[in-house]
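Below is one structure; the comments refer to it alone.
No experiment lies behind these values; they were computed from the predicted model shown.
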Amino acid sequence: RGGETRVGVERMFGLMDRFLKSDPSSLQKDILDHVEYTVARSRFSFDDFEAYQALAHSVRDRLIERWHDTQLHFKKKDPKRIYFLSMEFLMGRSLSNSAINLGIRDQYADALKELGFEFEVLAEQEGDAALGNGGLARLSACQMDSLATMDYPAWGYGLRYQYGLFRQVILDGYQHEQPDYWLNFGNPWEIERVHVTYPVKFYGTVEDENFNGGKRKVWLPGETVEAVAYDNPIPGHGTRNTITLRLWAAKPSDQIDMESYNTGDYINAVVNRQRAETISSVLYPDDRSYQGKELRLKQQYFFVSASLQDIIRRFKDSHSNFDDFPEKVALQLNDTHPSFAIAEVMRVLVDEEHLDWNRAWDIVCKIFSFTTHTVLPEGLEKVPVDLLESLLPRHLQIIYDINFDYIEELKKRIGLDYDRLSRMSIVEDGAIKSIRMANLAIVCSHTVNGVSRVHSELLKTRVFKDFYELWPHKFDYKTNGVTQRRWIVVSNPSLSALISKWLGTEAWIRDVDLLAGLQEQAANADLHEEWRMVRKVNKMRLAEYIEAMSGVKVSVSAMFDVQIKRIHEYKRQLLNVLGIIHRYDCIKNMEKSDRTKVVPRVCIIGGKAAPGYEIARKIIKLCNAVAEKINNDPDVGDLLKLVFIPDYNVSVAELVIPGADLSQHISTAGHEASGTGSMKFLMNGCLLLATEDGSTVEIMEEIGKDNMFLFGAKMHEVPALREKGPTLKVPLQFARVVRYVM
Ligand code: NTF
């Protein structure tokens, strides 16, 4: 911008070194320059954290080069772009992942060694970006990595929360939540775009206005908040493609409310402006129950409105009308959270771009697709109409209009079946009139997908049955996956080296199917021995961590039996703990001579409970109480240990998974939409103990029933069991154990 005319292209090229070099001495120079000029420390005196900062900036420079090239390339080609809208992204740390995807991790490690630093030690300095809760959010992160690696012209859009998922601290066995003010020490992985800002409006009224001889609706908003873009470059592996995760932060609008200033109440006027920032301040820590809170709704619309303004601006840069919009724009709704995008596109096209309603509707029907991550109908969002009417009055009207047309159409298709019409309506008439976000998403999307095969069957036969019968062609499934870049290469470098050595190629890092090539070596004793060594080293690393976090010494020759995930009744951590109590009791009652037959076991449980989820919190307490009892019983020793790993997050998972021998995925069949943890354990060579639920069913088909421990009732057996009620007769000594551990 302007630079070309002022300096001249030739001169600019002359001044730039084309691309940054990645030989050891260039890397060392870069790092030291960043120590001096970015971190502002002397190159003769800096600590590990400062070294990490400098290193991160050096990697980021290389990311930026590719990122610019990618943007330029796509600007020229103008392909159809994928826009992935998600309220949550659990990115974890970025340093190792970025350096590996850029193909220069080892060069950095060598360069640092000569300076007296260890790459892995510096990598530990980075905090987690925890802008999400659980499975849905980590899936978003894995998806971004894959989209970049597979050369898609994709964008992720979300919110830049100032407080990510709370930190879990265990005091006296209970979970306590502490704020995760993760931006405290700066974030080298984001680039603030002070010029990429959009006004986002709320409240106000809708008026009729004369227009072209008729009437039209005009929204006169009551509050404006500015959305500022923060870009996070996401590099692909083995490609220059580097896509963008654009996160929005709320800032007070520049449009100064002169009235409050003129009344002389300057201090209050400034304080009120500052309140705007609360919109992006905190992530809601509950992944299931929808609470109908105004702030949450504001967050949803805020990120949707900013993202769409950005998307439409990009489209209009190279198109003069909306004819090609569906050929150039695909919007993926990650669960119902971004569904206001539908009403917002209608509003922009009709009210601002003055397209006629039917034409706008035609466009809307071609651009949205919707992924749902839940099984339970209770988990689906319902937005109270009252709330919407005050916050987004024009959107409410639009949703009513969409619903009116849709119900009229529906009557023609299914007749006057009022029960069904009312079930399928976007608007729910009840004690609290509300908008069913899932219905809105299904009606307006061309594709609806579940996240595993059984999940999609459940959608078709239960949750969205009425819709499936009407539009079978819309329903599809995309079984979740995870990226081997993070879950093998970053988290288990020794296994990664082993795989490349035995396959004779690194191509599996881009194409996971190539791992099947290891089958040829399945019986090779040397491979087994090497793998065993890799596992042992990972277990030692994990044992050290366990001791540091919980003070419990565990033996690496014991079997490490792991269950790490959000704490939920349906995930049945409680069942796991009851099983551990039973195991403990059996050992206690055993003849001493029989104890030699027991396989020593370290049970590891980790996960956060939503702050308002009482039962989940109690499960954590139970777990810690049982651990206290067992771990301090010299009679049991190394035969059984239980540790609750506090503050489970992406980085902790990277440490725990490679060291696990057995992992548990024991949700009540029919409850886990997919589950992705199992895939991470599996690709690290860990055995699964799992119910036939979600993606396990497909994993079972892939690896064979003989290669996993299937557990528990099947989906079709669950309703009858529920009907029957509890049948388990609690053995006496079992009850005794429960009593003395609590
Ligand atoms: C989760 N849902 C599901 O519970 C998992 O089974 C699934 O693997 C992941 O989504 C990813 O699809 C959520 O995290 C949410 F938000 F819906 F609660």
Side-chain angles (χ1 to χ4, degrees), residues 85-89 129 131 157-165 179-184 186-187 190-206 219-232 245-285 291-313 337-338 340-341 343-344 347-348 352 383 386-396:
L85 307 184
S86 178
M87 288 281 280
E88 300 189 7
F89 290 89
L131 306 184
Y157 278 105
L159 272 170
R160 181 180 178 270
Y161 303 104
Q162 277 175 297
Y163 294 86
L165 185 59
D180 168 46
Y181 194 61
W182 70 295
L183 297 164
N184 229 353
N187 175 13
E190 66 180 9
I191 296 149
E192 183 182 11
R193 299 306 226 189
V194 283
H195 296 295
V196 185
T197 66
Y198 298 98
V200 177
K201 324 231 159 165
F202 299 101
Y203 306 107
T205 52
V206 180
W219 177 26
L220 305 172
E223 182 184 302
T224 303
V225 174
E226 209 70 34
V228 184
Y230 285 77
D231 286 347
N232 300 255
L245 170 60
R246 180 162 277 183
L247 303 178
W248 301 105
K251 293 274 154 74
S253 164
D254 278 343
Q255 294 164 18
I256 292 176
D257 171 8
M258 287 313 286
E259 206 180 313
S260 11
Y261 282 86
N262 289 341
T263 52
D265 195 3
Y266 168 73
I267 296 293
N268 263 326
V270 173
V271 169
N272 282 341
R273 266 166 58 85
Q274 220 52 37
R275 266 217 290 273
E277 292 186 9
T278 55
I279 292 182
S280 58
S281 65
V282 55
L283 165 82
Y284 275 83
Q291 292 171 356
K293 292 273 188 297
E294 184 181 66
L295 179 59
R296 168 74 171 190
L297 207 59
K298 272 186 128 167
Q299 291 186 334
Q300 294 185 340
Y301 179 66
F302 173 77
F303 112 86
V304 154
S305 164
S307 307
L308 283 170
Q309 291 183 66
D310 199 40
I311 292 164
I312 291 171
R313 192 254 321 136
H337 319 148
F340 284 118
E344 176 66 356
R347 188 190 68 79
V348 172
E352 292 180 4
V383 177
D386 286 353
L387 203 57
L388 200 54
E389 189 159 31
S390 111
L391 191 68
L392 299 167
R394 178 63 184 133
H395 295 79
L396 181 62

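Closest approach of Val200 to Ala227, counting heavy atoms only: CG2-CB, 4.1 Å. The nearest pair of heavy atoms linking Ala341 to Leu85 is CB-CD1, 4.1 Å. The heavy-atom pair separating Val196 from Arg246 by the smallest distance is CG1-NH1, 3.5 Å. In terms of heavy atoms, Leu183 sits closest to Gln162 at CD1-CA, 4.2 Å. Minimum interatomic distance between Arg273 and Ser253 (heavy atoms only, all atoms of both residues): NH1-O, 2.8 Å. Closest non-hydrogen pair, Glu344 versus Leu308, comes out as CG-CD1, 3.5 Å.
In this structure, CD in Glu294 is found 10.5 Å from CG in Leu388, a value given to the nearest 0.5 Å. Considering CG of Leu220 and OG1 of Thr205, their distance stands at 4.5 Å, rounded to 0.5 Å. A distance of 9.5 Å separates CG of Asn232 from CZ of Phe89, quoted to the nearest 0.5 Å. In this structure, OH in Tyr198 is found 7.0 Å from CD in Gln309, a value given to the nearest 0.5 Å. With rounding to the nearest 0.5 angstrom, the CG atom of Leu245 is 8.5 Å from the CG atom of Asp231.
Side-chain contact between Phe202 and Pro221 is absent, with no heavy-atom pair separated by less than 4.5 Å. Side-chain contact between Arg296 and Met87 is present, with at least one heavy-atom pair separated by less than 4.5 Å. Residues Val228 and Arg160 fail the side-chain proximity criterion, which asks for heavy atoms closer than 4.5 Å. Proximity of Arg313 to Asp310: side-chain heavy atoms (C-beta onward) are separated by under 4.5 Å at one or more points. A heavy-atom distance below 4.5 Å is found between the side chains of Glu226 and Pro199. Between Gln299 and Leu159 the shortest side-chain heavy-atom distance falls below 4.5 Å. For the pair Val282 and Tyr161, the minimum side-chain heavy-atom distance is 4.5 Å or more. Using a 4.5 Å heavy-atom cutoff, the side chains of Ile312 and Val348 are in contact.
Side-chain contact check for Asn187 and Tyr230: no donor-acceptor pair (N or O, by modelled atom type) lies under 3.5 Å. Defined by atom type and a distance below 3.5 Å, a donor-acceptor pair is missing between the side-chain atoms of Trp248 and Ser280.
Listed for the Ser307 side chain is a donor-acceptor partner under 3.5 Å among the backbone atoms of Phe303.
Salt-bridge annotation for Glu223 and Arg275: absent, with no side-chain N of the basic residue lying under 4.0 Å from a carboxylate O of the acidic one.
The cationic atom of Lys293 (NZ for Lys, CZ for Arg) does not lie both less than 6.0 Å from the six-membered ring centre of Tyr284 and within 45° of the ring axis.
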**Candidate pair Phe302 and Val225, rule side-chain contact (heavy atoms from CB on, under 4.5 Å), full reasoning** = CA-CA 8 Å; Phe302 173 77; Val225 174; 4.0 Å; yes

